[in-house]
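Here is the structure we will look at, set down as structure tokens.
Since this is a predicted model, take the numbers as computed values, not measurements. Below, each value reflects all heavy atoms present in this structure, side chains not excepted, and no hydrogens, waters or symmetry copies. Numbering of residues begins at 1 and proceeds along the displayed sequence.
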Amino acid sequence: MALAGLGAQLVDGSLGMAYGVTSTTLLLAFGTNPAAASATVHLAEIGTTLASGVAHWRFGNVDWRVVAKIGLPGAVGAFAGATVLSNLSTELAEPVMALILLGLGAYVLTRFTFLGLPTGNLGKPLRKRFLSPLGLVAGFLDATGGGGWGPVGTPAILASGRLEPRKVIGSVDTSEFLVAVAASLGFLFGLGSEGVDLAWAGALLVGGLIAAPVAAWLVRHVPPRLLGSAVGGIIVLTNVRTLLKSDWLDASDATQWTVYALIYVLWAAAVAHSFREHRKQTRLAPEADASSESEATDSGAGAGAGAPEPEPETVDAASGTKRPGGAT
């Protein structure tokens, strides 16, 4: 469990998402009650998001205006989502949560496989009318799905292209502290301490705290696009398994293995595509820099070549003054 928390935080620190989705998916695979799984993860996230937020703040990766505009509505949505999930029966909650996680996993997989990280329109302000509804929806999904704050919030803000990626990730991670606290309070009122495994929450917390500083190194060496495709595939595969085994579908073994094989093929293709795109961008970047330098050099040379030559000067024998050209 501690290793799972470590891995989830490494991914979250690199992508600005997937700690809750990854950890909750693992807890559900172990047979944990859905509400208890989400409550356990959010309890651990109080510590991990605080550590991550402090680290991002010290590295200058936090826009506090974005934190306030998205974090406070996110806390309201998280509290409401925790209350809703606490009142659902286990038989209904498990497939519902699996559907939410499946949707988030598919979104992460397709988003990073085909679009990468957009960076246009940098410097334009992010408006409250965009961030507040986004925070409310992301917070609700985060509590009901055991994760979703990052998968919903981070790509949406990145897609706007108005904030540089490092500040998007830092601001979303920092504001998640408010969401984790509000969701934990919601589960406390709805469930009490019933079903919450404090030992598992502690293990997830320890792993996350260890990984928080390492994530800053990881994001410099592992391409986010490739990491997003890999993690998205894991989330999709695990939650499809939950749905196929649920009372909703109760699929046969042959059907299950056919679906698994199809997902493995698509997942491998997505990771391969992300790797090829990363290599292509890596290869083209130096060429683009060299082209820019060459154009700048040619422009400077052209300006020098086109400049008029100074006219020769002559000296007036009578006055000793210099005059342009051959004038006397």
Side-chain angles (χ1 to χ4, degrees), residues 8-9 11-24 38-39 41-85 100 104 107-108 124-189 204-205 208-209 212 215-216:
Q9 183 59 42
V11 173
D12 191 89
S14 303
L15 297 178
M17 66 180 73
Y19 180 90
V21 177
T22 306
S23 302
T24 304
S38 185
V41 169
H42 281 94
L43 188 60
E45 280 186 323
I46 292 177
T48 59
T49 55
L50 179 60
S52 182
V54 170
H56 280 299
W57 167 65
R58 295 188 63 181
F59 282 106
N61 295 337
V62 178
D63 187 322
W64 291 106
R65 292 171 298 178
V66 173
V67 171
K69 290 177 182 177
I70 195 174
L72 295 176
V76 174
F79 186 87
T83 304
V84 169
L85 185 60
I100 294 174
L104 293 173
Y107 183 74
V108 171
K124 294 182 180 179
L126 285 161
R127 305 203 178 269
K128 188 175 181 179
R129 64 189 179 191
F130 165 68
L131 292 176
S132 294
L134 176 65
L136 191 66
V137 172
F140 185 86
L141 288 177
D142 189 82
T144 54
W149 180 253
V152 174
T154 300
I157 299 177
L158 281 173
S160 71
R162 300 190 173 201
L163 194 65
E164 55 185 307
R166 69 180 181 90
K167 287 197 173 183
V168 172
I169 294 172
S171 300
V172 170
D173 277 1
T174 302
S175 60
E176 192 172 8
F177 172 74
L178 301 174
V179 174
V181 171
S184 297
L185 290 174
F187 285 119
L188 180 63
F189 289 130
L204 288 170
L205 173 60
L209 291 177

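- Residues satisfying the side-chain contact (heavy atoms from CB on, under 4.5 Å) test with W64, not counting sequence neighbours, are W57, V62, V67, T174.
- Taking N61 as the reference, H56, F59, R166 meet the side-chain contact (heavy atoms from CB on, under 4.5 Å) condition, with sequence neighbours excluded.
- Residues in residues 132-141 take part in no side-chain hydrogen bond (donor to acceptor under 3.5 Å, both in side chains) pair, two or more places apart or across chains.
- Smallest separation of non-hydrogen atoms from G153 and A138: N-CB, 4.5 Å.
- Between atom CD1 of residue I70 and atom CZ of residue F130 there is a gap of 7.5 Å, rounded to the nearest 0.5 Å.
- Residues A68 and P73 approach most closely at O-CD, 4.0 Å, considering heavy atoms.
- Nearest approach of V84 to F140, heavy atoms of both residues: CG2-CE1, 4.1 Å.
- What you find for A78 and A143 is that their closest heavy atoms are O-CB, 3.2 Å.
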Discussion item. Is there a side chain to side chain contact (heavy atoms under 4.5 Å, CB included) between L178 and W149? Walk through the geometry before answering.
Written reply: CA-CA 11 Å; L178 301 174; W149 180 253; over 6 Å; no
Mind listing the side-chain donor-acceptor pairs of residues 42-55 below 3.5 Å, one per line with the distance, residues two or more places apart or on another chain?
| residue | atom | partner | partner atom | Å |
| --- | --- | --- | --- | --- |
| H42 | ND1 | S38 | O | 2.8 |
| H42 | ND1 | S38 | OG | 3.3 |
| H42 | NE2 | D142 | OD2 | 2.4 |
| T48 | OG1 | E45 | O | 3.3 |
| T49 | OG1 | E45 | O | 2.4 |
| T49 | OG1 | I46 | O | 3.4 |
| S52 | OG | D173 | OD2 | 3.4 |

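- Rounding to the nearest 0.5 Å gives a distance of 10.0 Å between CG of L141 and CG of L136.
- Contacts classified as salt bridge (charged side-chain N to carboxylate O under 4.0 Å, His left out) and involving residues 48-63 (residues at least two apart or in different chains) are given here: D63-R65.
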